[in-house]
Amino acid sequence: MMTLGSDVSNLSGAGRIQGLSIVVPVFNEAAGLARLHERLCALAGTLRQKYGLACEVVYVDDGSTDATLSIARGLPPTALDVQVVSLSRNFGKEAALMAGLDHARLGAVLFMDGDGQHAPELVERLVGHWIDDGYDVVYTAKAHRDNESILRRMGVRTFYSLINWGSRQKIPEDAGDFRLLSPRAAAALRQLPERNRFFKGLASWIGFKQIRVDYEPEARAHGVTTFSPGHLLGLSIEGLTSFSVAPLRVASLLGVLLATVAFLFGLSILWETVVSGKSVPGYPSLVVGLMTIGGVQLIMIGVMGEYIGKILSEIKARPIYFVAEHSVKSADASTVADKTPQTAAE
Ligand code: UDP
Ligand code: MG
């Protein structure tokens, strides 16, 4: 039978618990990786004790140019399985997350940054919300943005009000990529067919029982962020156009607004000529009108271009990432199985 929806109820939320896959995208994180791994091993020990939960960690090396990959390969599978998935080049964080999601084997999935900003110690609380309280999507959000500039906060506000405009499932403001998905939520996320992925949006769009956990991100353990303001702006446009049609609606509304103004202006000119018999000095208003309309049209063509670009990249249907190398170490037998090379086209 063909259905147009998807039933993931057989993968219960918290009911039948298999284990937890921790997905960590790493891009040039050599300096802090060993330390992070130690903390994750400790975490796995705690989770096994408290919930009888099996854990694995999936390090997705996103084309690092430093020693990240060789360090990741050497990490010991103490208390948890270790998978290392190495992409053929830098595909970006969203693609790395997708690769991790595809390789996660234990049902529930936790996404976490590899720079130590997402504290492994908080995970216990997230897992509690999943197992004890039965939530499917446990997402974290910055408790406050006091340390950010007003310009940045305004940008964030605008972005979320645009992306949430008229949508039924609002994307929570401030939510980060540090989140836990129950087996059925992870399955739902895997089934979304689009290539342009905006994880925060999709993880909220799938629904299920969601809960927000406020936390204070730690300072980056080493190095600097890879996301500059310009990069963030690009990502925002990316997220906006792959997730919502709000910009197109703004375009239509602006068109209506301009047309209305022009109409009223026309009426007023008519009024002046007919009633007061003045000949109207035309050209300044003409130039202003032309420039306004010209500018607005260019912007709107740009907006439409963004969407056409999206359509093109969806139609090309290229794989989101290529895996160049993949290794699995099991916690118990510490056997190593190497499969090289392998692609995402499964
Ligand atoms: N990252 C990645 N690919 C990239 C850029 C970043 O996998 O092209 C990873 C990075 O290693 C880190 C996480 O994404 O684990 C978040 O990156 P970063 O700390 O630079 O971003 P921020 O915390 O400032 O948002
Ligand atoms: Mg960071």
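Count residues from 1 along the sequence. When a ligand or atom number is given, it counts from 1 through the structure's own listing order.
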Q.
Aromatic contact between Tyr135 and Phe208, with the criterion being ring centroids under 6.0 Å apart: yes or no?
A. no
Q. Which is it for Lys93 and ligand 1 at heavy atoms under 4.0 Å: side chain, backbone, both or neither?
A. both
Q: Quick one: do Asp177 and Lys93 satisfy salt bridge (Lys or Arg N to Asp or Glu O under 4.0 Å)? Show the steps, please.
A: CA-CA 10 Å; Asp177 282 324; Lys93 186 178 173 185; 3.1 Å; yes
(Q) Under a 4.0 angstrom heavy-atom cut-off, which atoms of ligand 1 come close to Asp113? (A) 13 (C), 15 (O), 16 (C), 23 (O)
Q. In ligand 1, which numbered atoms sit nearer than 4.0 Å to a non-hydrogen atom of Asn90?
A. 3 (N), 4 (C), 8 (O)
Q | atom 22 (P) of ligand 1 - nearest protein heavy atom and its distance | A | Thr225 OG1, 3.7 Å
Q: Run down the list Tyr59, Phe111, Phe27 and name the one with the heavy atom closest to atom 1 (N) of ligand 1.
A: Phe27
Q) Which of the atoms of ligand 1 are close to Glu29, meaning less than 4.0 Å from one of its heavy atoms? A) 10 (C), 11 (O), 12 (C), 15 (O)
Q. Heavy atoms, side chains only, cut-off 4.5 Å: are Leu33 and Val26 in contact?
A. yes
Q) Counting only heavy atoms not in Phe265, do more than 12 fall under 6.0 Å of its CZ? A) no
Q. Looking at Asp115, which of its N, O or S atoms is the nearest one to the Mg ion (ligand 2)?
A. OD2
Q. So which heavy atom in the protein is nearest atom 19 (O) of ligand 1, and how far is it from that ligand atom?
A. Asp115 OD2, 2.5 Å
Q: Test Asp81 against Arg105 for salt bridge (Lys or Arg N to Asp or Glu O under 4.0 Å), laying out the working first.
A: CA-CA 10 Å; Asp81 294 358; Arg105 306 169 302 176; 3.0 Å; yes
Q) Would you call the rings of Tyr215 and Phe178 parallel, tilted or perpendicular, where under 30° means parallel and over 60° means perpendicular? A) perpendicular
Q. Is the backbone of Asp102 close enough, under 3.5 Å, to the side chain of Arg190 for a donor and an acceptor to pair up by distance?
A. no
Q | Protein heavy-atom partner closest to atom 6 (C) of ligand 1 - residue, atom, separation in Å | A | Thr226 OG1, 3.4 Å
Q) For atom 17 (O) of ligand 1, what's the nearest protein heavy atom and its distance? A) Phe227 CE1, 3.6 Å
Q: Compare all side-chain heavy atoms of Val250 with those of Trp165 and state whether any distance is below 4.5 angstrom.
A: yes
Q) Is Ala96 close to ligand 1, meaning an N/O of one under 3.5 Å from an N/O of the other? A) no
Q. For ligand 1, which atoms sit closer than 4.0 Å to a heavy atom of Gly92?
A. 3 (N), 8 (O)
Q: Give the residue, atom name and distance (to 0.1 Å) of the protein heavy atom nearest atom 3 (N) of ligand 1.
A: Asp62 OD2, 2.6 Å
